[in-house]
Trainee: 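What follows is a single structure, and I will ask about it in a moment.
Source: prediction; values computed, not measured.
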Amino acid sequence: MITVLKSSDNTQQKLQEILQRNQTEKNDIQQIVNDIVYDVKKNGDEALFRYTKEFDKIELTHQTVQVTEEEIKYAYTQVEQNLIKVIQKAAKRIKQFHEKQKLNSWLEPSENGEMMGQLIRPLEKVGIYVPGGKASYPSSVLMNAIPASVAGVSEIIMVTPAKKDGRVTPTTLVAAKEAGVTKIYKVGGAQAIAALAYGSTCIPKVDKICGPGNIYVALAKKSVYGQVNIDSVAGPSEILVIADDTANPVYVAADMLSQAEHDEMASAMLVTDSQILAEAVQKELQRQTALLPRKEIIEKSLKNYGLIVIAKDMQQACALGNIIAPEHMEICTKEPFSLLPKIKNAGAIFLGEYTPEPLGDYMAGPNHVLPTGGTARFFSPLSIDDFIKKSSILSFSKEALLELAEDIVTFAQAEGLTAHANAVKVRKP
């Protein structure tokens, strides 16, 4: 059901198979997506509505494409009050966490006439993609829109496919309202990404596009990158649990399964220095999987991309963790904080057996939009930084410039840029 290896086995090869799985490397789909993107770029709303009718079976017009205030109010009547309170509580916690990430502009003068600094401004317009149709992911709405709102983005434009009745899923609308989304449009797929990137009569062009989606959405984001910024081209979800012989195999297995149920390409891994724990978790994975509704998806995920590695010690376990650079890393050991200094690469680190991954998905506060596929080596979780831009500030007096004039001229001439040198020379007495 799940591959079990000792660290002395060919562990690296199996890890590479897992890390290199990538659903976006499908050239046939990329060409389809590119054609859709170009069509929407060229024909705007006409193409957008045409694809919505073809793929989602919904007739849209300029009058019906945007969600109205009345529809949002109606959505609140369709969601249980307890769930609304949970969404509001999650929104508050996410907001509080991200407010701590705020940066301030600064300007620092010096006695010799130099003044330098940094100007920080929010992006003006951001697009948020939210999967729709049969699915409902209010947590994704909160995690993408709240950091943008806290950063000060003035327009947060959300796109999401409507259901067959022409309405957007009520929980999605409630979450959008609580998160500070300013406009919502009933479109999805590659065509929605194209509309956000290039603009149309009804959908404004944005500066950045964030949010998860299927392969068509992921490839469309990849296609428009450069025209606009994007958060990332996200890969399948993953979890790595680092555990010793004190870990509870029931908890470890349950947490691994919480990611394996996402889709068949999700990856659940355990690295432990305990043969006994490895065997116990293997049995628990089988027992719990049999009880879960998404059993078929889980079994394929574990068979193809699941892995248990028996390391010689915790030092080696952490080293393997840094190679994997997982989206989610749980440390379930007797003293989890003692391993924290050894961890270099991870999207989010969950310390202790009472800090399961779903806590981070929904209620803790840190963002659940995390780097996947080993990209935690160089990418970070979605944050305030994704919704701001920075400008450098420079102001020199005549005296301050003259102190550096000869150095600038020397540098410019060394690069063969005589006009650069001249721009300084003309200012010299």
Trainee: Working note: Leu382 + Met143, criterion side-chain contact (heavy atoms from CB on, under 4.5 Å); need CA distance, chi angles, decisive distance, verdict.
Mentor: CA-CA 8 Å; Leu382 194 73; Met143 293 292 183; 5.8 Å; no

Trainee: The criterion is side-chain hydrogen bond (donor to acceptor under 3.5 Å, both in side chains); which residues satisfy it with Tyr38, sequence neighbours excluded?
Mentor: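 Checked Tyr38 against side-chain hydrogen bond (donor to acceptor under 3.5 Å, both in side chains); zero matches.
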
Trainee: Short question: side chain of Asn322, backbone of Lys342 - any donor-acceptor pair under 3.5 Å?
Mentor: yes

Trainee: Within a strict 4.5 Å, meaning less than it, do heavy atoms of the Cys210 and Val369 side chains meet?
Mentor: no

Trainee: Within this structure, what is the CG-CG distance for the pair Asp255 and Asn248, rounded to the nearest 0.5 Å?
Mentor: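 Here the rounded value is 9.5 Å.
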
Trainee: Rounded to the nearest 0.5 Å, what separates atom CD in Gln286 from atom CD1 in Ile298?
Mentor: 13.0 Å

Trainee: Check whether Arg93 reaches the backbone of Ala364 with its side chain - one donor and one acceptor, N or O, closer than 3.5 Å.
Mentor: yes

Trainee: Taking only residues two or more places apart in sequence or in another chain, which ones pass side-chain hydrogen bond (donor to acceptor under 3.5 Å, both in side chains) with Glu71?
Mentor: Thr68, Lys186

Trainee: Under 3.5 Å, sequence neighbours excluded: what are the donor-acceptor pairs made by side chains of residues 230-243?
Mentor:
residue, atom, partner, partner atom, Å
Asp231, OD1, Lys221, NZ, 2.7
Asp231, OD2, Gly211, N, 3.0
Ser237, OG, Gln259, OE1, 2.4
Ser237, OG, Glu327, OE1, 2.9
Glu238, OE1, Arg21, NH2, 3.4
Glu238, OE1, Gly373, N, 3.3
Glu238, OE2, Glu327, N, 3.1
Glu238, OE2, Gly373, N, 3.0

Trainee: Report yes if the side chains of Met269 and Val309 come closer than 4.5 Å at any heavy-atom pair, otherwise no.
Mentor: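 In short, these two side chains do not touch, never coming nearer than 4.5 Å.
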
Trainee: Less than 3.5 Å apart, any donor N or O on the side chain of Glu279 or Gln275 sitting next to an acceptor on the other?
Mentor: yes

Trainee: When you measure from the side chain of Thr11 to the backbone N and O of Lys6, does any donor-acceptor pair fall under 3.5 Å?
Mentor: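 Here the side-chain-to-backbone pair exists.
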
Trainee: Report yes if some heavy atom in the side chain of Phe55 is under 4.5 Å from a heavy atom in the side chain of Ile36; otherwise report no.
Mentor: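 Yes, their side chains come closer than 4.5 Å.
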
Trainee: Evaluate salt bridge (Lys or Arg N to Asp or Glu O under 4.0 Å) for Glu70 paired with Lys73, printing each intermediate quantity in order.
Mentor: CA-CA 5 Å; Glu70 288 71 24; Lys73 289 177 183 176; 5.5 Å; no

Trainee: Is any side-chain heavy atom of Val228 closer than 4.5 Å to one of Lys205?
Mentor: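 In contact.
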
Trainee: Sequence neighbours left out, what passes side chain to side chain contact (heavy atoms under 4.5 Å, CB included) with Tyr216? Give chain and number order.
Mentor: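 If we apply the side chain to side chain contact (heavy atoms under 4.5 Å, CB included) test to Tyr216, skipping adjacent residues, the hits are Ile29, Ile32, Val33, Asn214.
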
Trainee: Looking at residues at least two apart in the chain, or sitting in another chain, which of them share a side chain to side chain contact (heavy atoms under 4.5 Å, CB included) with Glu264?
Mentor: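 Testing Glu264 for side chain to side chain contact (heavy atoms under 4.5 Å, CB included), a comparison that skips the adjacent residues, returns Ile297, Lys300.
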
Trainee: Please report the interatomic distance OG(Ser139) to CD1(Ile94), rounded to the nearest 0.5 Å.
Mentor: 8.0 Å

Trainee: Using the side-chain hydrogen bond (donor to acceptor under 3.5 Å, both in side chains) criterion, which residues pair with Ser258? Sequence neighbours excluded.
Mentor: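 Scan of Ser258 (side-chain hydrogen bond (donor to acceptor under 3.5 Å, both in side chains), adjacent residues dropped) gives none.
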
Trainee: Examine the side chains of Thr160 and Thr172 and answer whether a donor and an acceptor come within less than 3.5 Å of each other.
Mentor: no

Trainee: Any side-chain heavy atom of Val206 within less than 4.5 Å of one from Val126?
Mentor: no

Trainee: Could you tell me if the side chain of Glu59 sits less than 4.5 Å from the side chain of Thr61, heavy atoms only?
Mentor: no

Trainee: How would you list, by chain and number, every residue that makes a side chain to side chain contact (heavy atoms under 4.5 Å, CB included) with Glu17, sequence neighbours excluded?
Mentor: Gln13, Lys14

Trainee: For Phe49, which residues count as a ring-ring contact (aromatic ring centres under 6.0 Å, His included) partner, sequence neighbours excluded?
Mentor: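 Phe49 satisfies ring-ring contact (aromatic ring centres under 6.0 Å, His included) with His62 once adjacent residues are dropped.
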
Trainee: Does the pair Leu285 and Leu257 meet the rule for a side-chain contact (heavy atoms from CB on, under 4.5 Å), with working shown?
Mentor: CA-CA 7 Å; Leu285 288 171; Leu257 294 174; 3.8 Å; yes

Trainee: Under the side chain to side chain contact (heavy atoms under 4.5 Å, CB included) test, which residues partner Ser383, sequence neighbours left out?
Mentor: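 By the side chain to side chain contact (heavy atoms under 4.5 Å, CB included) rule, Ser383 matches Gln101, Asp385, Asp386.
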
Trainee: If you look only at pairs with a residue in residues 358-382, which of them pass as a side-chain hydrogen bond (donor to acceptor under 3.5 Å, both in side chains), with sequence neighbours excluded?
Mentor: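 Of all non-adjacent pairs touching residues 358-382, those that pass side-chain hydrogen bond (donor to acceptor under 3.5 Å, both in side chains) are His98-Asn367.
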
Trainee: Going through the checks in order, is the side-chain contact (heavy atoms from CB on, under 4.5 Å) test met by Lys344 and Cys318?
Mentor: CA-CA 9 Å; Lys344 298 177 181 179; Cys318 292; over 6 Å; no

Trainee: Between Ser223 and Leu219, is there a donor-acceptor pair closer than 3.5 Å when you use the side chain of the first and the backbone of the second?
Mentor: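 No; zero donor-acceptor contacts below 3.5 Å.
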
Trainee: May I ask you to decide whether Glu178 forms a salt bridge with Lys89, counting only side-chain N to carboxylate O separations under 4.0 Å?
Mentor: no

Trainee: Measuring from atom CD of Glu108 to atom CD1 of Ile393, what distance do you get when rounded to the nearest 0.5 angstrom?
Mentor: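 Taking CD in Glu108 and CD1 in Ile393, the distance rounds to 12.0 Å.
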
Trainee: Any side-chain heavy atom of Lys177 sitting closer than 4.5 Å to one from Val174?
Mentor: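 Lys177 does not reach Val174 side chain to side chain.
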
Trainee: Let me check something: any side-chain donor-acceptor pairs from residues 190-203 under 3.5 Å, sequence neighbours excluded? List them with distances.
Mentor:
residue, atom, partner, partner atom, Å
Gln191, NE2, Gly188, O, 3.0
Ser200, OG, Asp45, OD1, 2.5
Ser200, OG, Cys202, N, 3.4
Ser200, OG, Ile203, N, 3.1

Trainee: Would you say that Ile156 contacts Val181 through its side chain, given a criterion of any heavy-atom pair below 4.5 Å between the two side chains?
Mentor: yes

Trainee: Could you measure the distance from the CD1 atom of Ile215 to the NZ atom of Lys222? Nearest 0.5 Å is fine.
Mentor: 9.5 Å

Trainee: May I ask you to decide if Lys312's main-chain N or O and Gln316's side chain share a donor-acceptor pair within less than 3.5 Å?
Mentor: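 Pair found, side chain donor or acceptor close to backbone of Lys312.
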
Trainee: Using side-chain hydrogen bond (donor to acceptor under 3.5 Å, both in side chains) as the criterion, list what pairs up with Glu155, not counting sequence neighbours.
Mentor: none

